Amino acid sequence: MPPTAELFALRDRWQRVEREGHRPLLRVTLLASYTVDPLVPYLGLALHDAGLPATLRVGPFNQVVQQCLATDGFLTTARPDVLVVAARPEEAGDPGPAGAGWAEELLAGAEAALAAARRHGALLVYVLPAVPAARPYGAGDAAYSGGVAAAATAARERLRERLAGDPWVLLVDAEEAVRAVGGRRAYHPALFRFAKVPYTEEVFARLGADTGGLLRSWYGAGCRVLVLDGDGLADAGRAGWTELLPVLRELRDTGLRLALHAGGPRCWATVAADCPELLGLLDGWVTDDRPLAAQLTEIAADLDAVPAQLAVVGTGPIEADGTGRWRTVALGGDPRAWAGELTAAGLTDRAPARRWTGAPGRRGPDGTEPAGLSLDDFVASLDVRVECRPVEPAEVAEMAELVARARDFALGPAPAADALAARAAGLLAVRVRDRLGDYGTAGLLGVDRVGDRWTVDIFSLSCPVLGKDVETRALREVARRAAEAGVGEVLVRWADTGRNGAAVGFLATLDAATPDPAVRVRAVRAGSPDDPVPSTPGGSTVGASW
Amino acid sequence: MTLTEVVAGVLEVDPAEVTDESGPDSIGTWTSLRHLQLVVTLEEVYGVSFAFEEIRDVRSVRTLRDVLRAKGTEA
């Protein structure tokens with residue numbers, strides 16, 4: 001099946017699973033420095049198939065640290081059992097010498113995620129970032145110790161060093177997913193340009209499967225016993241066993257136990273003739289004419305496991321268990337491919353045994369642990385710069401597109417381009433920069449400036465600049481301009497669009513956000529009794545130029 | 001897979017709901033993210049590439065079909 005159809009089938013099955021409404025056992029929340037929504041169907045399905053039906057919720061875009069540090073934010077509402085955190089160097093600012101900048105930034109996020117996971121009693125699944133694909137020196141990057149690959153690798157290893165020893169952390173590697181898919185199929189420029197989705201569906205499918213496999217193991221449903229179909233596998237003769245034997249040895253060395261089932265004792269003669277080495281690897285066997293379910297129940301009992309921890313490996317159709325009590329791995333018709341097929345089944349996906357050693361957090365130069373970072377400290381450390389400037393008529397179309405896409409932070413439905421053009425003189429473009437990057441024009445304000453009261457009825461910010469207190473700074477700038485103009489009040493007029501919760505939540509704290517004694521700034525819901533403005537969305541009065 | 005099947009599959013709607021006039025205004029699940037997933041899926045299914053402008057400007061099944069046909073497919 002081609003990848004597209006295969007992924008299609010997976011997503012279709014996830015939709016059906018969601019419609020069936022299984023009672024969730026886990027609450028999984030995802031925070032990422034990028035749009036991570038495409039991971040949801042694959043992770044959800046992997047957990048469902050592992051007998052761990054889950055609700056999955058995606059947190060605000062690129063607010064890993066903010067949401068982890070907030071004591072009343074998204075995580076408080078989501079109450080996660082599993083917190084999945086993914087951040088990339090590409091959103092972590094300057095790589096710095098030998099990747100130190102990336103490492104510090106990503107480690108700060110990882111520390112915040114650890115703290116949040118502990119606060120909520122959640123298991124942390126941290127996605128190690130892939131090495132960025134963009135290399136300014138191209139192939140020459142390999143010979144540059146300060147290059148992208150070197151810097152990202154250094155940052156990745158710092159993260160691994162910090163997180164790998166913690167028994168309450170699972171690590172998933174996005175680089176492995178990218179490698180498995182292949183660089184050419186792992187990225188699509190439009191996905192990132194238009195939606196900040198860094199990888200293709202294939203990568204997310206792999207990440208979902210890997211994460212699901214580790215979680216299955218964590219919750220005790222991982223594979224512990226590999227049961228070989230003695231009849232089916234023996235039919236391939238010596239060639240099949242020769243291919244399988246090295247992999248079986250490797251799997252057994254990782255702790256997996258091996259068993260064999262068959263419909264009768266006939267297979268013993270074949271195995272003894274074709275692969276006598278196998279006999280020494282088997283931990284158990286059942287060769288009789290009972291149904292598979294009865295055979296597996298006995299094997300599980302003998303090996304101190306439960307049927308859900310068994311995986312049956314054979315050729316052709318394997319009797320499936322309708323209740324999903326055991327897994328099946330069907331090998332193809334070519335024995336030469338069996339080793340690869342068995343390895344790809346991911347039967348040994350599990351975290352290595354770890355013991356809590358009280359691994360300390362990051363320490364300062366004097367060896368002491370730094371005091372916990374607060375949300376205010378973090379936002380202040382971003383060194384956010386907000387500039388508001390008048391909009392040129394030639395920019396109106398661009399502004400209209402920006403407003404149309406900024407649905408989470410908006411005061412109401414997006415006005416059309418011609419409505420914006422009619423009031424261009426009252427518009428302010430909001431440019432945002434911080435130490436992590438320059439976000440360009442990331443917001444728009446529309447202000448009706450009439451008499452002693454100004455009314456802000458357009459205030460849209462794009463997702464990448466949310467969580468940085470940009471909204472407060474932008475509104476303070478309006479208040480400052482109002483004060484200069486001798487205006488005593490600024491109204492912020494909003495309507496509920498069903499999606500603009502971020503803006504509505506901010507407006508609820510408006511008094512604290514814009515404490516300016518000279519100008520009163522207050523929020524008014526459009527059409528409410530407090531709304532003194534005739535309801536004409538899009539503005540009716542065009543003021544003079546700023 | 002037909003264009004209708006791909007659109008219905010990506011947008012999680014019944015194929016019977018998909019007409020040439022269908023677009024973000026008439027199909028609630030046609031969000032900006034799903035729009036991109038739809039375009040990327042169509043690229044794979046039909047073996048074509050969309051320019052950034054095409055991705056931005058296509059706003060209905062009909063325009064998707066027109067763009068695909070202009071690229072020599074039998075959408």
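Here is the naming used below: chain letters follow the sequence lines, and residue numbers restart at 1 for every chain. Computed from a predicted model, the values in this text were never measured in an experiment. All values below were derived from every heavy atom in this structure, side-chain atoms included, with hydrogens, water molecules and symmetry-related copies excluded.
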Worksheet item: Do Phe52(B) and Pro189(A) have side chains that get closer than 4.5 Å, going by heavy atoms?
Response: yes
Discussion item. Using every non-hydrogen atom in the two residues, find where Leu56(A) and Gly44(A) come nearest and quote the distance to one decimal.
Written reply: CD1-CA, 3.7 Å
Practice prompt. Name the region of Thr200(A), side chain, backbone, both or neither, that has any atom closer than 4.5 Å to a heavy atom of chain B.
Written response: neither
Practice prompt. Show your reasoning for whether ring-ring contact (aromatic ring centres under 6.0 Å, His included) applies to Phe192(A) and Tyr199(A).
Written response: CA-CA 8 Å; Phe192(A) 191 76; Tyr199(A) 309 120; 9.3 Å; no
Fill in: Structural part of Val39(B) lying under 4.5 Å from a heavy atom of chain A
neither
Fill in: Side chain, backbone, both or neither of Arg185(A) within contact of chain B (heavy atoms, under 4.5 Å)
side chain
Worksheet entry | Residue Arg179(A) excluded, over 12 heavy atoms near CZ under 6.0 Å | no
Fill in: Tyr42(A) six-ring face occupied by Arg11(A) cation (under 6.0 Å, within 45°)
no
Fill in: Engaged part of Arg193(A) at the chain B interface, taking heavy atoms whose separation is under 4.5 Å
side chain
Fill in: Distance, nearest 0.5 Å, that separates CZ of Phe204(A) from CG of Leu7(A)
12.0 Å
Worksheet, complete the sentence: From the list Val10(B), Leu33(B), Val6(B), Leu36(B), the residue making the most non-hydrogen contacts under 4.5 Å with chain A is Leu36(B)
Worksheet entry | Heavy-atom proximity to chain B below 4.5 Å, by part of Phe194(A) | both
Response to the item:
If one checks every heavy atom of Glu5(B) against chain A at 4.5 Å, the contacting part turns out to be backbone
Practice prompt. Against chain A, work out which of Met1(B), Glu12(B), Arg56(B) has the most heavy-atom pairs shorter than 4.5 Å and name it.
Written response: Glu12(B)
